[in-house]
Amino acid sequence: MDNLNLTTLQKGQTMVNDMAMDAFATGFRGSLLTSQDADYNEARAIWNAMIDRRPGLIARCSGAADVMRAVRFARDNNLLVSVRGGGHGIAGNAVCEGGVVIDLSPMKSVRVDPQTRRARIEPGATLGDVDKETMAFGLALPTGINSTTGIAGLTLGGGFGWLTRKFGLTLDNLLSVDVVTADGELVKASETEKPDLFWALRGGGGNFGVVTSFEFKLNPLNTEVLAGLVVHPFADAEKVLREYRQALEAAPDELTCWVVMRQAPPLPFLPAEWHGKEIVVLAMCYCGDIAAGEKAAARLRGIGTPIADVVGPVPFTGWQQAFDPLLTPGARNYWKSQDFASLSDAAIEVLLNAVRKLPGPECEIFIGHVGGAAGRVPTETTAFPQRSSHFVMNVHARWREAGMDASCIGWARELFEATKPHAVGTAYINFMPEDETDRVEMAYGANYHRLAEVKLRYDPNNLFRMNQNVKPMAAVRAA
């Protein structure tokens, strides 16, 4: 910070003066990085290698006071601001061009109170950080399916995974937040304090402020769950998906099963002759008694003639890391997502046609199985838009060379368009890429206008716009 040089930080066409910079730096407990610093390039790099932006300043915050200073500095100098948590995001909104990155990744504390079954979690924590602390007490927070995901973005956008059908979305387990709003003030939001803001934060993404602390209720969970993969040849995909759909109709809340369709990676339990060939994977988890889980999963495991069945008792923390290799940083990524009320025969045919045209070995289609407890929450209770859908499609295009951009992005977009007639119109904002800004209002459905009203109240000038942006109500009316 002694050699702070922010000539790249601009407000419009005007440089931020040295006096304003010195005032900001004084008392900032974290670290401030510019392009002059040796670790600047590492600090600005994010998970999706397609995103290459050069912020003027990266403010690595050590606590709420730093966040407040950073927000006020960006606001007072009319600077573009982005907020970075501890994980990854497809849209790349964690880093802005030329502005200020409020980097929360150093704030990783997870404190569990086993007596009250509550946890206080900072926004830089990953799901792996959370699982390690909560499972030490036989407790769990329902989150996503990758331990490298950040708790902040996941929660603010929704949060669903292996435990959702039993315990609800991540945001359904949120009790309160400490949040720095656009005026630079730290406030608490809960069901009883600023309930309008609390409603909006549960699904509205990063539109309303910078959360510096989350308070969650936790749920009892055995350290071991019944989980694993059943792998089928793609030639059997239509039969597998139809029977999968039928098997889920009577599935208990404890049982979740997702579908992955892709080329087989060189997994040690797959015969070598299947490596690189198209497969259909049933990924399942039963979060209850193991013996009961064996019975509940029997129908799913009895479908067809699988290549491999590696379902069995495993530590939950280990199962949470099973898909981490599919989301390592450094690759180019582009996603498209749809919500389905049901997995119709017509939708299945569209999906299978797309798998026959996979543009690369890392491209895949995920079908998430939700509902259960999450589906029994009324739509208007939180900003999260879709409670009635049972399946979430994520078209995950992933590749390494820039020369493959057109084919991989084109494949994802083509499948997205082909599935529109079978989808309900809403979307999971955490799966939406940066070019889907025109889809935001439809994604939130009936909740959008209330979100725009709350946005006007807490961020009328749209300071927090590096996100799937909800514009303030005045801007919505003008449009």
Side-chain angles (χ1 to χ4, degrees), residues 145 160 162 164-165 229-253 255-264 274 277-285 296-309 311 335-359 363-372 374-375 385-397 410-428 431-432 439 442-443 445:
I145 67 166
F160 66 91
W162 307 119
T164 297
R165 287 173 46 78
L229 310 177
V230 181
V231 183
H232 291 268
F234 183 71
D236 297 342
E238 184 175 356
K239 170 184 170 63
V240 170
L241 290 182
R242 288 185 174 185
E243 293 192 23
Y244 159 81
R245 176 185 64 195
Q246 295 169 358
L248 294 184
E249 292 177 359
D253 288 353
L255 179 62
T256 299
C257 186
W258 289 26
V259 173
V260 186
M261 292 182 283
R262 57 168 294 148
Q263 293 177 10
W274 283 101
K277 293 183 178 179
E278 287 75 19
I279 55 172
V280 180
V281 181
L282 301 183
M284 63 191 72
C285 178
R299 186 172 177 185
L300 285 167
R301 297 174 72 182
I303 295 173
T305 305
I307 303 165
D309 180 334
V311 175
W335 294 359
K336 282 292 201 179
S337 179
Q338 296 277 25
D339 289 341
F340 297 115
S342 63
L343 202 57
S344 67
D345 289 348
I348 288 173
E349 184 57 32
V350 171
L351 295 172
L352 298 187
N353 285 337
V355 177
R356 296 184 183 104
K357 298 184 289 184
L358 288 170
C363 295
E364 61 192 8
I365 300 172
F366 264 87
I367 304 293
H369 173 214
V370 291
Q386 182 51 266
R387 293 291 185 166
S388 60
S389 66
H390 294 282
F391 300 96
V392 179
M393 176 192 75
N394 188 23
V395 183
H396 184 184
W411 171 76
R413 289 175 174 169
E414 180 181 350
L415 176 51
F416 173 77
E417 292 297 326
T419 53
K420 274 185 178 179
H422 315 292
V424 296
T426 54
Y428 184 48
F431 287 171
M432 290 168 58
R439 196 183 175 202
M442 181 178 291

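Since this is a predicted model, take the numbers as computed values, not measurements.
In this model, no donor atom of one side chain and acceptor atom of the other lie less than 3.5 Å apart for Trp258 and His369.
Remark: Gln246 pairs with no residue by the side chain to side chain donor-acceptor pair (under 3.5 Å) rule, at least two apart or across chains. With sequence neighbours excluded, no residue forms a ring-ring contact (aromatic ring centres under 6.0 Å, His included) with Trp411. For His390, there are no ring-ring contact (aromatic ring centres under 6.0 Å, His included) partners at least two apart in sequence or on another chain. Evaluation of the side chain to side chain contact (heavy atoms under 4.5 Å, CB included) rule for Ala412 yields Tyr334, Lys336, Val395, Ala397 as partners, not counting sequence neighbours. Among residues two or more places apart in sequence or in another chain, the side chain to side chain donor-acceptor pair (under 3.5 Å) test is passed with Lys357 by Glu414. Partners of Tyr244 under the side chain to side chain donor-acceptor pair (under 3.5 Å) rule, at least two apart in sequence or in another chain, do not exist in this structure. For the salt bridge (charged side-chain N to carboxylate O under 4.0 Å, His left out) test, residues two or more places apart in sequence or in another chain that qualify with Glu364 are Arg262. Checked against salt bridge (charged side-chain N to carboxylate O under 4.0 Å, His left out), Lys277 has no partners two or more places apart in sequence or in another chain. Legend: residues meeting ring-ring contact (aromatic ring centres under 6.0 Å, His included) with Trp274, ordered by chain and number and at least two apart, are absent. Scanning for side chain to side chain contact (heavy atoms under 4.5 Å, CB included) contacts around Glu417 gives Lys420, with sequence neighbours left out. Residues satisfying the side chain to side chain donor-acceptor pair (under 3.5 Å) test with Asn394, not counting sequence neighbours, are none.
Not one N or O on the side chain of Arg356 forms a donor-acceptor pair closer than 3.5 Å with the backbone of Leu351.
Remark: Glu243 CD to His232 NE2 distance equals 9.0 Å, nearest 0.5 Å.
Partner of Ile367 under the side-chain contact (heavy atoms from CB on, under 4.5 Å) criterion, out of Val259, Val260, Val392, Leu282: Val259 alone.
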Side-chain polar contacts of residues 341-348 - donor-acceptor pairs under 3.5 angstrom, sequence neighbours left out - could you list them?
{"residue": "Ser344", "atom": "OG", "partner": "Ala347", "partner atom": "N", "Å": "3.1"}
{"residue": "Asp345", "atom": "OD1", "partner": "Arg242", "partner atom": "NE", "Å": "3.4"}
{"residue": "Asp345", "atom": "OD1", "partner": "Arg245", "partner atom": "NH1", "Å": "2.8"}
{"residue": "Asp345", "atom": "OD1", "partner": "Arg245", "partner atom": "NH2", "Å": "3.1"}

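When all heavy atoms of Met393 and Ser337 are compared, the pair lying nearest together is O-OG, 2.9 Å.
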